[in-house]
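These notes are about the structure you will find just below.
Order of the sequence lines sets the chain letters (A, B, ...), proteins ahead of strands, with each chain counted from 1.
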Amino acid sequence: MSRAADAFAAPLLAWFDAHGRHDLPWQHPRSPYRVWLSEVMLQQTQVRVVVPYFERFVDALPTVAALAAAPLDDVLALWSGLGYYARARNLHAAARACVTQHGGDLPRDFDALVALPGVGRSTAGAILAQAWGDRFAILDGNVKRVLARYHGVDGWPGQSAVEKRLWQLAREHLPRSRLADYTQAQMDLGATLCTRHSPACGDCPLRPGCVAHAQGRSDELPTSRPGKTLPTREALLLLLLDAEGRVLLQRRPPTGVWAQLWSLPEARDEAEARDWFARHAGAGFDGGETLQAIPHVFSHYRFVMHPRRWQGVVATPCVRDDDDLRWVPPAALRELGIPAPVRRFLEASTAMRDNGRHASWAARPSSSGDPP
DNA sequence: AACACGGGGTA
DNA sequence: TACCCAGTGTT
């Protein structure tokens, strides 16, 4: 608004016309559904990673109605590898809410959008601004960084007082027109010039008014998150292969990491693994081969998986194909939502499996087992 | 207010 | 290795 908007929005828009991104897949065509999907995929995920997922997703599910009608497993399979799978579950639930409550498309209303699962203040604003040109602010990582530098805002943006101040600044800078371009311009500036490391201040249209640049503090704003050391958790992964080379997969619980994805059965320790194996495959636990450990890092802890493999398993009667436990042929793995490190391990251990009919249960040296 | 929630990229 | 990235939901 007023003079601040002129000094901020006007040069930003002029820069966007010449140097912004105008060829992103969700811009052609730019429908509310495609904007919504792109915004959700882009939460905590970079453009380069999102683009192929976005194209595959809209190709399979081109409308809100198609998404609402799809089984959740299909949605999770399309999401598999993107991470933060609650986004996919919320997206699916929100599409169904749009069908039952909003006539089959996204509502053009901030409060109604925020009421949808997985849509917060920033995503709702982005949808309204980009799809309709409505005058709403966003505050994603890029905008936080640009505003923190432009105004010299100290403090980690994760702190509520800092975030509140940044929201206020974001609203104050809103222009009176071109909201779709303005929204994209902020994100493009943050992604291409005002980057976290080595920002290209020499090319920045906002440099004349930038407090951080004037004070030589562009490299220390925004303030970094307080450091913390990650705890480590470990678990056993149970890889059971039957005589046809099918893999026994288990659906994960509805909450926690990798919720509702398909993965290998997991045990906290040897005793729990032995018990699980006895109930599902009978005798033979000691014939399993220990394979190379699979390290994985989450945002909040390290996770080391220790896979153990049994081949030619004959399942006990309690192991049947049902909603939570399935024998899956290797070719069908692509159709399921599977955590990325588990998928890599499965693809390696099935593709590299040497048609192993020769020794089946004979122990191989664990140190030279199939690498994940 | 603090924490949970994935995965890939980069210095 | 450590940190960052187009956030939201839960407690």
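- Centroid-to-centroid, the aromatic rings of A:F8 and A:H173 come within less than 6.0 Å.
- Remark on DNA chain B: of its neighbouring residues A:I338 and A:S160, the 5'-side contact belongs to A:S160, judged by nearest-heavy-atom nucleotide.
- Contact annotation: A:R145 reaches the phosphate of C:dC5 (side-chain N/O to OP1 or OP2, under 4.0 Å).
- Nearest nucleotide to the side chain of A:Y301, out of B:dC5, B:dG6, C:dA6: B:dC5.
- If you measure from atom NZ of A:K144 to atom P of C:dA6, you get 10 Å, rounded to the nearest angstrom.
- Whole-Å rounding puts the A:E220 CD to C:dC3 P distance at 17 Å.
- With distances taken from any side-chain atom of A:M187 to the nucleotides C:dC4, C:dA6, B:dT10, the minimum falls on C:dA6.
- For A:H296, the listed nucleotide lying nearest its side chain is B:dG7; candidates were B:dG7, B:dC5, C:dA6.
- Residues A:G158 and A:F298 each lie close to DNA chain B; by heavy-atom proximity, the contact nearer the 5' end of the strand is made by A:G158.
- Contacts of A:G256 with the nucleic acid, taken as non-hydrogen atoms under 4.0 Å apart, involve only primed sugar atoms and P, OP1 or OP2.
- A pairwise comparison of heavy atoms in A:A170 and A:I138 identifies CB-O, 3.8 Å as the closest pair.
- Counting non-hydrogen atoms under 4.0 angstrom, A:R89 reaches nothing in the nucleic acid.
- Taking atom C1' on both nucleotides, C:dC5 is separated from B:dC5 by 14 Å, rounded to a whole Å.
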Discussion item. If you apply the rule salt bridge (Lys or Arg N to Asp or Glu O under 4.0 Å), what do you find for A:R165 with A:D154, and how did you get there?
Written reply: CA-CA 10 Å; A:R165 172 65 177 149; A:D154 279 295; over 6 Å; no

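- If you measure from atom CZ of A:R225 to atom P of C:dC4, you get 8 Å, rounded to the nearest angstrom.
- Two rings, from A:F54 and A:F57, have their centers 6.0 Å or more apart.
- Between A:W258 and B:dG7, a side-chain N or O to OP1/OP2 separation shorter than 4.0 Å is present.
- Between the C1' atom of C:dC5 and the OH atom of A:Y53 lies a distance of 16 Å, rounded to the nearest Å.
- Under the 6.0 Å cut-off for aromatic ring centres, A:F16 and A:H22 qualify, their centroids lying closer than that.
- Annotation: A:W79 is not in aromatic contact with A:Y84 [ring centroid separation under 6.0 Å not met].
- A:V50 comes within contact range of no nucleotide atom at all, as no heavy-atom separation falls under 4.0 Å.
- Mapping A:V119 and A:E39 onto DNA chain C by nearest heavy atom places A:E39 at the nucleotide closer to the 5' end.
- The aromatic ring centroids of A:W258 and A:Y85 lie 6.0 Å or more from each other.
- Straight-line distance from the CH2 atom of A:W167 to the P atom of C:dG7: 11 Å, rounded to whole Å.
- The interatomic distance linking A:Q43 (CD) with B:dG7 (P) rounds to 16 Å, in whole Å.
- Side-chain proximity of A:Q46 to C:dA2, C:dG7, B:dG9: nearest is B:dG9.
- When rounded to the nearest whole Å, the span between CZ of A:R48 and C1' of C:dA6 equals 13 Å.
- Side-chain proximity of A:S224 to the nucleotides B:dG7, C:dC4, C:dA6 is greatest for C:dC4.
- For B:dG8, one of the phosphate oxygens OP1 or OP2 lies less than 4.0 angstrom from a side-chain nitrogen or oxygen of A:R344.
- The distance between atom CZ of A:R121 and atom P of C:dG7, rounded to the nearest whole Å, is 15 Å.
- When the nucleotides B:dG7, B:dA11, B:dG6 are ranked by their closest atom to the side chain of A:P339, B:dG7 comes out on top.
- Listed nucleotides B:dC5, C:dA6, C:dC4 differ in distance to A:H197; the shortest reach to its side chain belongs to C:dC4.
- Side-chain proximity of A:Y85 to B:dG7, C:dA6, C:dG7: nearest is B:dG7.
- Comparing the C1' positions of B:dG6 and C:dC3 gives an interatomic distance of 15 Å, to the nearest angstrom.
- Contact check, A:H300 against B:dA4: no side-chain N or O comes under 4.0 Å of OP1 or OP2.
- Spacing of P atoms, B:dG8 relative to C:dT8, comes out at 22 Å, to the nearest Å.
- As judged by a 4.0 angstrom heavy-atom cut-off over every strand, A:R302 is placed among residues touching the sugar-phosphate backbone only.
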Worksheet item: Going through the distances and angles, do A:N142 and A:R145 end up as a side-chain hydrogen bond (donor to acceptor under 3.5 Å, both in side chains)?
Response: CA-CA 5 Å; A:N142 284 319; A:R145 187 169 54 255; 2.7 Å; yes

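- Of all nucleotides listed (C:dG7, C:dA6, C:dC4), C:dA6 comes nearest to the side chain of A:L24.
- Among the heavy atoms of the strands, none lies under 4.0 Å from A:Q130.
- With hydrogens and angles left out, the side chain of A:T45 and the base of B:dG6 share a donor-acceptor pair within 3.5 Å.
- Picking from B:dG6, C:dA6, C:dG7 the nucleotide with the shortest atom distance to the side chain of A:T123 gives C:dG7.
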